[in-house]
Every structure is written in structure tokens, then in C-alpha cells.
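On a predicted model such as this, the values are computed, not experimentally measured, just so you know.
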Amino acid sequence: QLLASVGIHPEHTEGAEPTAEQLVALAAHPRVVAIGETGLDYDWHKDKPEWQRQRFRTHIAAAKACGKPLVIHTRDSAADTIRLMAEEGAGAVGGVMHCFTEDWEVAKQALDLGFYISFSGIVTFKNAKVVKEVAAKVPLERILVETDSPYLAPTPFRGKTNEPAYVRHVAEEIATLRGLTLQEMAAATTANFFRCFPAAGTALAA
């Protein structure tokens, strides 16, 4: 069964800008469990345009209006991402820092705002020292795992097309870093998912 989120990624510039009202209307579908992926990406847009920050504000407003959590993307923009999350009251709905690649200080600020930290296949890369350190340190009850398919395939599939089934390798790596079994990690992240996205339980039970 499929669940969805509603939003426009910060790298996408084509088409009309969404309004908070439009996002809320789309989020009313029972299988939409979050608003996003949204956030800031200063790698794609190195001039740091204000339109990108305004789009992020619009998504946060929509999440607060419909009571659904946020899926947040940040790339080369951590300080502004956290600042806008705090200024716009994103902590009221919470959500997840998707495909997390920042350091512990950024993770702590997101955790303090009530967000979960989600790790992708990057955590399995040998040179991902900072991400591994954060994955070992985030409270177990605030960790999520993902693939970010079709990108960032984990070791041993690095360089190939990623797929959802490979999420096991992400969980295994974090379990190893924390001295846990795969089963313990799977149980924790599954429980975390349903706490982060409460509408998911209702949708899957329907």
C-alpha cells in the first residue's frame, strides 16, 4: 500500500507557486500523511533566492493548517533551514529531516524542535564519518531510515539504482553503529514512523 506527501521540492522552478490553501486541499486525501518534501537547497540555487525561503514558509503554514508533519530537505542551507523552522513554528507539527547529512549541532537543533532524523544509504559509505557519528548519537526513539530511491544506493549497491528493498542495509549499518540487532532497529524505526506520521496508521487500517 502506498502513502504520500504533498509538496514542491525546493529545486523545482517550473510551474506556479503553490498556496498554503492548495496544499491543504491536496493533503485532505486520506493517504496523504505529510507536507513536503520541502525546505531549502542552496546547492541548486546558489544565489539563495527569497522565493525559495517563501515557498518553505508556505509549506510550513500548510502543515500547521492541516495538522500534518513536514518532510524537510536541506542542502548547503542548514542555518537558514533551522532558522525558518523556528521562526515559522514548524515544531507545532514536527516531522522528519529527510536524508540527513549534517553534523550533530544541526541534528540537535532539529531534535529540539521535535523533529525526527532520517538516514539514507549515505550512512553506509566509508567516508561518511560525520553522518555515522550523528546516527550513533541521535536518541533511538527519534531515528528513521530511508533509501531516497532511486538515488544514494547503500553499500554494497553503491553506484547502482537504489530501490526501497535496500533500506535494510541502512538499518543494519545504524544497528551496528549502536550495538543493536537489526530486529531491534527495525522495531524502533517502525514505531518511530507511526509516531512521526500518525495519519499513516489510520490510512493503512482503512
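Going from atom OG1 of Thr38 over to atom NE2 of His73 covers 9.5 Å, rounded to the nearest 0.5 Å. Atoms CG and CZ, from Leu204 and Phe194 in turn, are 5.0 Å apart once rounded to the nearest 0.5 Å. Annotation: the span from Leu182 atom CG to Thr176 atom OG1 amounts to 9.0 Å, rounded to 0.5 Å. Leu40 contributes atom CG, which lies 10.0 Å from atom NE2 of His45 (distance to the nearest 0.5 angstrom). A distance of 12.0 Å separates CD of Glu21 from CG of Leu26, quoted to the nearest 0.5 Å. Atom OH of residue Tyr116 and atom SG of residue Cys196 lie 6.0 Å apart, to the nearest 0.5 angstrom.
For the pair Arg75 and Tyr42, the cation-pi criterion (under 6.0 Å, within 45° of the ring axis) is not fulfilled.
What you find for Val170 and Pro154 is that their closest heavy atoms are CG2-CB, 4.4 Å. Val24 and Ala65 get closest at one heavy-atom pair: CG2-CB, 3.8 Å. Of all the heavy atoms in Thr124 and Thr155, the pair that sits closest is OG1-N, 2.9 Å. Lys64 and Glu88 get closest at one heavy-atom pair: NZ-O, 2.9 Å. The heavy-atom pair separating Thr189 from Leu144 by the smallest distance is O-CD2, 3.7 Å. Residue Cys66 comes nearest to Ala27 through the heavy atom pair SG-CB, 4.0 Å, listed as atom of the first residue, atom of the second, then distance.
A donor-acceptor pair under 3.5 Å is formed between the side chain of Arg142 and the backbone N or O of Phe115. Of the possible polar contacts, one joining the Arg31 side chain to the Leu2 backbone as a donor-acceptor pair under 3.5 Å is found. Without hydrogens or angle criteria, Asn162 side chain to Gly121 main chain gives no donor-acceptor distance under 3.5 Å. Listed for the Arg55 side chain is a donor-acceptor partner under 3.5 Å among the backbone atoms of His9. Of the possible donor and acceptor atoms, none in the side chain of Thr190 sits under 3.5 Å from a partner among the backbone N and O of Ala187. Looking at Ser77, its side chain never comes within 3.5 Å of a backbone N or O of Asp80 through a donor-acceptor pair. Between the side chain of His59 and the main chain of Val71, no donor-acceptor pair closer than 3.5 Å is present. The closest donor-acceptor contact from the side chain of Gln52 to the backbone of Asp41 lies under 3.5 Å.
Residues Leu152 and Cys99 have side chains in contact (heavy-atom distance under 4.5 Å, counting atoms from C-beta outward). Contact annotation: the side chain of Thr81 approaches that of Phe56 to within less than 4.5 Å [non-hydrogen atoms, C-beta and beyond]. For the pair Glu17 and Thr58, the minimum side-chain heavy-atom distance is 4.5 Å or more. Taking the side chain as every heavy atom from C-beta outward, Thr147 and Glu163 never approach each other to under 4.5 Å. Taking 4.5 Å as the limit, some side-chain heavy atom of Asp148 sits within range of a side-chain heavy atom of His98. With contacts defined as side-chain heavy-atom distances shorter than 4.5 Å, the pair Ile72/Val96 does not qualify. At least one side-chain heavy atom of Glu141 sits less than 4.5 Å from a side-chain heavy atom of Arg195. Taking the side chain as every heavy atom from C-beta outward, Lys68 and Val32 approach each other to under 4.5 Å.
Between Lys108 and Glu102 no salt bridge is recorded (no basic side-chain N to carboxylate O distance below 4.0 Å). Between Glu173 and Lys132, at least one side-chain N (NZ, or NE/NH1/NH2) sits under 4.0 Å from a carboxylate O, which counts as a salt bridge. Between Glu87 and Arg83, at least one side-chain N (NZ, or NE/NH1/NH2) sits under 4.0 Å from a carboxylate O, which counts as a salt bridge.
The ring-ring contact (aromatic ring centres under 6.0 Å, His included) check on Phe197 picks up Phe193, with sequence neighbours excluded.
Clustering of Ile, Leu, Val, Met, Phe, Trp and Tyr side chains at separations under 4.5 Å leaves Ile8 isolated, with no partner residue.
In this structure, Arg168 places its CZ atom where only 12 or fewer heavy-atom neighbours from other residues, nucleotides or ligands lie under 6.0 Å away.
Under the 4.5 Å side-chain heavy-atom criterion for grouping Ile, Leu, Val, Met, Phe, Trp and Tyr, Met97 is connected to Ile60 within one hydrophobic cluster. Grouping the Ile, Leu, Val, Met, Phe, Trp and Tyr side chains by contacts below 4.5 angstrom, directly or via other members, places Leu111 with Leu177. Linking Ile, Leu, Val, Met, Phe, Trp and Tyr residues whenever their side-chain heavy atoms come within less than 4.5 Å leaves Leu23 and Trp51 in two separate clusters. Taking hydrophobic clusters as Ile, Leu, Val, Met, Phe, Trp and Tyr residues chained together by side-chain heavy-atom distances below 4.5 Å, Leu3 does not share a cluster with Leu70. Residue Phe125 is grouped with residue Val134 when hydrophobic side chains (ILVMFWY) are merged at heavy-atom distances under 4.5 angstrom, including chains of intermediate members.
Taking the six-membered ring where tryptophan is involved, the planes of His169 and Phe157 are perpendicular, since the angle between them exceeds 60° and thus also 30°.
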Exercise. Side chain to side chain contact (heavy atoms under 4.5 Å, CB included) between Val131 and Phe100: does it pass, once the steps are laid out?
Worked result: CA-CA 8 Å; Val131 177; Phe100 193 80; 5.8 Å; no
